[in-house]
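Note: hydrogens, waters and symmetry copies are ignored here, and every other heavy atom, side chains too, is used. Residue numbers start at 1 and run along the sequence shown.
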Amino acid sequence: MNEYPGRVKTGLDNRENWWSDMPPRTGGGPKPAKWAVLGTAFVLPSFIPTVIELTTDGITAEELVIAGFLLAYGACYLLFPLVLRPSRRKTTYVFSGVMLLIGLVLVFLHDNNPYILIYATAVLAFTLPPAWAVILDGGALLLVLAVHLVVGKDDLGDLVAVASITAAMFFMANLVRAVRKLEAANQEIATLAVAGERERLARDLHDILGHSLTTITVKAGLARRILESGKDDSRALQEIREVEGLTRSALSDIRATVSEYREVSLSAEVAGARAALRAAEIDADLPHAVDNVDPALQRTFGYVLREAVTNVIRHSGAKRVKVRFGKTWLEVEDDGEGGDATAGNGLRGLAERLDAVGGTLTATTPPGGGWLVRAEVPESALRSGVLAPLSEPTGGRA
């Protein structure tokens, strides 16, 4: 189990990493033409002297066989990047095993010279999981050592040099694995950041437009009914003026939200709730001051109040709403139809908002009917210094 959630384990202190394949490059594999040049540059310094030695004074059948193995071995080295694909895992294992066998054959056919084996051990370090690379490379080197001891070859300097180079290739391959995992983690972080910002914007727009459009709809409907009755044209004009003002305010809030400059004030939300409920012809019992609410929670409670009142207007069919505040709690209760307390998008957003400051949200139907939304933050969370986040989720039942 990961001791630190979210931590990317890249080293060999993790059992899973020992048996995991080489991660793919985030930017794609090496260009074939580029690798052909680099691979050839690596192969020629070792292969040219061997070829010259084999072709001096003519070439025998045995030397012809060695040349064939040498050609196949060089081709394997030049082609190995092509098999580094997650979809070709079996091919990678077979390819690596065949190349190692060819390398061992060349070592034994060429006077037990272990240097030719470096190409195979390096390829295995980069193509196979670290555990398999250690098993196969280590086994191959031990086999060469055993043959050296059997034939009485006591100069082990070349074998030690090959083992050292193989170890260096092994740790270089694991450094590449770590870098690729970190690149993938960085890409994932960037993707999550974009998704988080998109979610923030969607939530804040839902918050603003949900409340403002509901109030505008109610006021426009009230103005229409007044005009249809022909009883109070001045009241209708007043409602239309307020609709115009709300529309301008909503546009301003949208621009500010996109720029992350928008602030929410609990006192302003109380005034806005009073106007919206009056336009919806719902009797509102609202506090006249918010001084008793902890300043660190006023912004969060402002969002809760806004969305709770919006829900009352949209869904409840209530005739009366009562709002109460405390230092660390807020309650919005209506006498409407109540309903299912299952969290929709809005309630999930409110719950996220309260969770961000260490609080909880409950939405229930009281025994007498209606709907009760209660937001509460323990004083211990305030003492710990938890404050309302800059990017707020929205609330509501919808």
Side-chain angles (χ1 to χ4, degrees), residues 10 12 17-25 27-51 66-110 112-145 147 158-181:
T10 59
L12 295 179
N17 289 343
W18 276 96
W19 298 99
S20 62
D21 292 320
M22 175 71 76
R25 289 184 59 181
K31 302 295 183 182
K34 182 179 180 180
W35 171 248
V37 174
L38 291 175
T40 302
F42 288 137
V43 166
L44 290 181
S46 296
F47 279 42
I48 289 178
T50 305
V51 171
I66 295 175
F69 275 109
L70 194 64
L71 181 63
Y73 192 59
C76 286
Y77 185 75
L78 293 176
L79 294 175
F80 92 87
L82 299 180
V83 302
L84 292 178
R85 302 289 187 276
S87 59
R88 301 176 182 175
R89 187 175 183 185
K90 291 182 179 179
T91 303
T92 300
Y93 280 65
V94 172
F95 178 92
S96 301
V98 168
M99 185 175 180
L100 184 62
L101 287 176
I102 295 175
L104 286 171
V105 169
L106 286 172
V107 170
F108 298 138
L109 289 178
H110 197 253
N112 291 329
N113 184 355
Y115 280 107
I116 197 70
L117 198 60
I118 292 175
Y119 296 97
T121 57
V123 166
L124 264 65
F126 281 90
T127 56
L128 299 183
W132 280 114
V134 169
I135 292 170
L136 295 178
D137 284 349
L141 292 173
L142 289 175
L143 179 60
V144 174
L145 174 62
V147 172
D158 291 344
L159 188 59
V160 171
V162 171
S164 300
I165 295 172
T166 299
M169 291 296 102
F170 174 80
F171 288 109
M172 184 180 295
N174 283 283
L175 178 61
V176 171
R177 285 185 173 88
V179 170
R180 291 186 180 182
K181 284 188 176 183

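- Interatomic distance, CG of Leu136 versus CG of Leu124, reported as 5.5 Å (0.5 Å rounding).
- In this view, Ala140 and Leu100, Leu104, Leu117 satisfy the side-chain contact (heavy atoms from CB on, under 4.5 Å) rule, not counting sequence neighbours.
- Put simply, the side chain of Cys76 does not reach to within 4.5 Å of the side chain of Val123, judged on heavy atoms.
- The 12-atom threshold is not exceeded at CZ of Phe69, counting heavy atoms of other residues, nucleotides or ligands nearer than 6.0 Å.
- One finds the OH atom of Tyr115 at 9.5 Å from the CG atom of Leu159 (value rounded to the nearest 0.5 Å).
- Considering only heavy atoms from C-beta on, Val134 comes within 4.5 Å of Trp18 through its side chain.
- Taking 4.5 Å as the limit, every side-chain heavy atom of Tyr119 sits out of range of all side-chain heavy atoms of Ile102.
- One distance of note links CD1 of Ile165 with CE of Met172; it measures 11.0 Å at 0.5 Å rounding.
- Of all heavy-atom pairs spanning Ala173 and Ala125, the tightest one is CB-O, 3.1 Å.
- Atom OH of Tyr77 sits about 10.0 Å away from atom OG1 of Thr40, to the nearest 0.5 Å.
- Applying the ring-ring contact (aromatic ring centres under 6.0 Å, His included) criterion to Phe170, with sequence neighbours excluded, gives no partner residue.
- Of all heavy-atom pairs spanning Gly103 and Ile116, the tightest one is O-CG2, 4.0 Å.
- Atom CZ of residue Phe171 and atom CZ of residue Arg177 lie 12.0 Å apart, to the nearest 0.5 angstrom.
- Separating the CG atom in Asn17 from the CH2 atom in Trp19 is a distance of 13.0 Å, to the nearest 0.5 Å.
- Applying the side-chain hydrogen bond (donor to acceptor under 3.5 Å, both in side chains) rule to pairs touching residues 122-143 yields Ser96-Thr127, sequence neighbours excluded.
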